[in-house]
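Here the structure is laid out as structure tokens; the discussion comes afterwards.
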Amino acid sequence: IVGFPGETDEEFAASLAFVDAIGFARTHVFTYSERPGTRAVDLPDKVPHADRRARCAEMRAVAERGERDFAAKFLGETMAVVWDDAKANASHARAGLTDNYIRVVLDDPDGALPTRLATSQIKLSALEGQVIRGLPIAPVPSRRALQVV
């Protein structure tokens, strides 16, 4: 949470430096917002909304860089991918996750990958944004041949 009441510029800078130094593999960053009925809504020293939004954007940029750096360490590796998305986009790609939560996308123009949860071995080949492009290490088996998890 960024912009919690009482968060100073120095505290935010320290949090930002911490996230940058750790290089988390996965993060969830969000802006503090008032919720009626909570104790925090009555706390003093509220951070202005514009500052909260700016801090959130800055923290997300640092966190995303850490996620990319983590994923890049696995380029060239072969890993099991659990496909959890029938189509990642209009180009007939499939999306899934490795056991350490790296998002992988694999082109599937023939529709060989399943449309439900299943696992296959994929070589992590290229980093594109926040995902890794995958290549099958052998021909992708038919839907019936994949192990359903």
Residues two or more places apart in sequence or in another chain: which of them pass salt bridge (charged side-chain N to carboxylate O under 4.0 Å, His left out) with [X]?
X   : answer
D20 : R65
E67 : none
R52 : E34

Show the nearest heavy-atom pair for residues [X] and [Y], with the distance to one decimal.
X    : Y    : answer
C56  : T31  : CB-OG1, 3.0 Å
G96  : W83  : N-CE3, 3.7 Å
I122 : G134 : CG2-CA, 3.5 Å

Legend entry - Same cluster (ILVMFWY, side-chain, under 4.5 Å), F24 and M59: yes

Legend entry - Connected via hydrophobic side-chain network under 4.5 Å: V29 and V62: yes

Legend entry - S125 side-chain N/O to R133 backbone N/O, donor-acceptor pair under 3.5 Å: yes

Show me the side-chain donor-acceptor pairs of residues 7-19 shorter than 3.5 Å, one per line, residues at least two apart or across chains.
from : atom 1 : to  : atom 2 : distance (Å)
E7   : OE1    : G3  : N      : 2.8
E7   : OE1    : R55 : NH1    : 2.6
T8   : OG1    : E10 : N      : 3.4
T8   : OG1    : E11 : N      : 3.0
T8   : OG1    : E11 : OE1    : 3.4
D9   : OD1    : R55 : NH2    : 2.5
E11  : OE1    : T8  : N      : 2.9
S15  : OG     : E11 : O      : 3.2

Let me have the donor-acceptor pairs involving side chains of residues 36-51, under 3.5 Å, with sequence neighbours excluded, atom names and distances please.
from : atom 1 : to  : atom 2 : distance (Å)
T38  : OG1    : R35 : O      : 2.7
K46  : NZ     : V41 : O      : 2.8
K46  : NZ     : L43 : O      : 2.7

Inset, instruction - Using the test side chain to side chain contact (heavy atoms under 4.5 Å, CB included), find all partners of F74 that sit at least two apart in sequence or belong to another chain. - result: F70, E77, M79, N100, I102, L124

Legend entry - Residues forming a side chain to side chain contact (heavy atoms under 4.5 Å, CB included) with L127, sequence neighbours excluded: R68, A71, A72, L75, I132

Inset, instruction - State, with a plain yes or no, whether a side-chain heavy atom of F30 is found less than 4.5 Å away from one of I1. - result: yes

Legend entry - Members sharing Y101's hydrophobic cluster (side chains within less than 4.5 Å): L97

